[in-house]
Number of protein chains: 2
Amino acid sequence: MEKEKADKKDRILDVAERVFSEMGYDGASTRLISGEANVNMAMLNYYFGSKEGLFVAVFERKIYSFKTLLQPIIGDENLSPWEKLERCIDIYIDRILINSCFHKLVNREISLNRHGEVNDKITDILMVNALEFKKVMQEGVDNGSFFEAADIELCVATIFGTKNYIINAPHIASRLLGKDVFDQHFLETEMNQRMKTYMKRLLKSYLVITNDRTN
Amino acid sequence: MEKEKADKKDRILDVAERVFSEMGYDGASTRLISGEANVNMAMLNYYFGSKEGLFVAVFERKIYSFKTLLQPIIGDENLSPWEKLERCIDIYIDRILINSCFHKLVNREISLNRHGEVNDKITDILMVNALEFKKVMQEGVDNGSFFEAADIELCVATIFGTKNYIINAPHIASRLLGKDVFDQHFLETEMNQRMKTYMKRLLKSYLVITNDRTN
DNA sequence: TTTGCTTAATCAATCGTTTGATTAAATTTG
DNA sequence: CAAATTTAATCAAACGATTGATTAAGCAAA
């Protein structure tokens with residue numbers, strides 16, 4: 001009973017997450033979601049109060065800052081700023097590519113400024129994550145191991161933006177890369193490694209001081 | 001008469017572009033658009049046939065490849081691959097920041113794969129532009145002036161993705177940068193210069209070979 | 001008069017939500 | 001234990017509101 005209820009709620013949330021991410025909030029009707037989840041329409045309101053309530057629930061199940069994951073790395077005094085950044089990138093890319101459909105949803109709905117409740121919460125969490133990356137890079141700049149004139153705020157935009165570009169428009173990314181970005185297995189293995197390698201090399205060559213640095 | 005009609009159509013298109021980009025296609029009702037444009041609702045269908053027709057018209061007015069802008073640069077034999085890339089970045093950023101609200105619309109609706117007609121057209125155009133950038137970078141790799149193992153496809157993702165991150169979620173970007181990204185004047189002046197400087201330095205340090213290159 | 005533009009009124013369809021009835025399990029009562 | 005009562009889950013049906021679209025009449029200009 002308890003179990004079945006939890007199962008059904010989870011099934012609804014799974015379907016809702018997928019349908020929302022495919023059709024957008026407005027494009028996804030409660031009838032379609034309930035239909036695909038094989039539950040009566042009224043169950044959505046019974047469990048979640050409203051369509052917006054369901055939307056919020058989809059987020060609350062998944063969204064949480066991984067500040068707690070990043071903190072021990074950032075606080076580790078044995079690691080150089082660059083080593084910290086490397087590990088943060090690894091953790092971030094791992095998490096993103098596993099939940100790519102969810103992050104697609106996040107990015108689309110956050111560009112619409114509605115759903116005040118959800119939006120504010122997500123904005124806060126995204127900001128926390130962004131600021132963690134910024135903090136690590138600032139540390140590198142401050143201790144002189146990173147390029148002093150580095151635009152670390154735009155570096156944050158690059159880290160998140162490069163990922164978004166692949167995730168948000170998979171059919172474009174597929175054509176660009178010549179790979180099937182819709183394939184979850186490809187994302188979690190080959191793409192995962194490729195993005196990590198690329199992000200680190202890109203940022204290292206920009207941030208980490210070697211010798212000459214002409215404009 | 002001719003003039004007034006054109007004016008009215010343009011006014012509708014201006015409003016539609018803004019409302020679509022603020023609310024999304026599904027979130028924007030024809031009543032709201034016609035209301036804000038101060039025209040009768042039926043005028044939308046009279047001029048554009050349908051809501052989707054209006055949507056298409058919004059795109060057709062603005063979307064076109066700037067391959068023609070890039071071609072003379074790419075074809076110029078007096079320019080090195082890096083010099084070509086620099087100029088392409090300049091042109092690209094100029095164009096994007098002027099039409100930021102439109103590109104926000106493009107990016108959201110392309111992540112939803114509906115509107116087959118528009119989507120296919122936009123995808124093609126975006127691909128053309130992406131492939132132009134890729135071509136320039138490939139040239140640099142081929143002639144040995146660029147890092148041979150450079151992941152130029154992900155470089156494309158970085159160029160477009162970094163821009164999207166700023167444009168798509170301006171309220172997040174505003175908090176990250178400590179600036180008002182909604183301010184069109186700021187975008188077209190300060191942000192414009194800052195993004196150009198950053199993109200060039202970032203890509204140059206990654207692509208252009210200087211001396212050592214350890215992982 | 002004919003043509004092109006404009007309007008208010010109206011259309012069927014779909015939206016998210018609510019309802020009241022039904023079922024089954026859990027709990028209380030005798 | 002058995003009977004009575006409460007609670008939770010589920011459903012088909014219907015609600016009012018809003019959607020995009022159409023109509024037919026009115027209007028102005030050529």
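Naming: A, B, ... by sequence-line order, numbering from 1 per chain.
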Novice: For Ile12(A) and dA9(D), give me the distance from atom CD1 to atom P, rounded to whole Å.
Specialist: 11 Å

Novice: When the distance from CE of Met43(A) to C1' of dC11(D) is rounded to whole Å, what number comes out?
Specialist: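 Result: 9 Å.
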
Novice: Establish, yes or no, whether the cationic atom of Lys51(A) lies under 6.0 Å from the six-membered ring centre of Phe20(A) and within 45° of the ring axis.
Specialist: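 Output no; distance or angle outside limits.
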
Novice: How about Phe160(A) and Tyr92(A): are their ring centroids closer than 6.0 Å?
Specialist: yes

Novice: Could you give the CZ-to-P distance, from Phe55(A) to dC15(C), as a whole number of Å?
Specialist: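 Whole-Å distance recorded here is 17 Å.
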
Novice: Could you pull out the protein-nucleic contacts involving nucleotides 18-20 of chain D (nitrogen or oxygen on both sides, under 3.5 Å)?
Specialist:
| from | atom 1 | to | atom 2 | distance (Å) |
| --- | --- | --- | --- | --- |
| dG20(D) | OP1 | Ala28(B) | O | 3.4 |
| dG20(D) | OP1 | Lys51(B) | NZ | 2.7 |
| dG20(D) | OP2 | Thr30(B) | N | 2.8 |
| dG20(D) | OP2 | Thr30(B) | OG1 | 3.0 |
| dG20(D) | N7 | Arg31(B) | NH1 | 2.9 |
| dG20(D) | O6 | Arg31(B) | NH2 | 2.9 |

Novice: Do Glu86(A) and Leu79(A) make a side-chain contact, defined as non-hydrogen atoms from C-beta onward lying under 4.5 Å apart?
Specialist: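 In short, these two side chains do not touch, never coming nearer than 4.5 Å.
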
Novice: Please confirm whether Arg95(B) makes a cation-pi placement over Phe102(B), using NZ or CZ under 6.0 Å from the six-membered ring centre and within 45° of the ring normal.
Specialist: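 Arg95(B) over Phe102(B) ring: no.
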
Novice: Between C1' on dT6(C) and CZ on Phe48(B), what's the gap in Å once rounded to a whole number?
Specialist: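 Distance, rounded to whole Å: 15 Å.
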
Novice: Quick one: which protein N/O atoms are closer than 3.5 Å to N/O atoms of nucleotides 19-24 of chain C? Pair and distance per line, please.
Specialist:
none

Novice: Just by distance, do the side chain of Lys84(B) and the backbone of Met137(B) share a donor-acceptor pair under 3.5 Å?
Specialist: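 Such a contact is absent between Lys84(B) side chain and Met137(B) backbone.
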
Novice: Ignoring hydrogens and geometry, is there a side-chain-to-backbone donor-acceptor pair from Arg31(B) to Met41(B) under 3.5 Å?
Specialist: no

Novice: May I ask you to evaluate whether Tyr47(A) reaches the phosphate of dA9(D), defined as a side-chain N or O under 4.0 Å from OP1 or OP2?
Specialist: no

Novice: Whether Tyr46(A) contacts dA8(D) is assessed here as follows: a side-chain N or O lying under 4.0 Å from the phosphate OP1 or OP2. Is that the case?
Specialist: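 Tyr46(A) to dA8(D) OP1/OP2: no side-chain N or O under 4.0 Å.
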
Novice: Atom CG of Asn40(B) to atom P of dG26(D): distance rounded to whole Å?
Specialist: 16 Å

Novice: Does Thr162(A) form a side-chain hydrogen bond (donor to acceptor under 3.5 Å, both in side chains) with Tyr165(B)? I'd like the steps, not just the answer.
Specialist: CA-CA 9 Å; Thr162(A) 303; Tyr165(B) 185 84; over 6 Å; no

Novice: Roughly, in whole Å, what's the span from CG in Leu44(A) to C1' in dA9(D)?
Specialist: 14 Å

Novice: Does the ring of Tyr206(A) carry Lys204(B) above it, NZ/CZ under 6.0 angstrom from centre and within 45° of its axis?
Specialist: no

Novice: Would you say a side-chain N or O of Lys8(A) is under 4.0 Å from OP1 or OP2 of dT10(D)?
Specialist: yes

Novice: Main chain of His103(B), side chain of Asn107(B): is a donor-acceptor contact present, judged purely on distance under 3.5 Å?
Specialist: yes

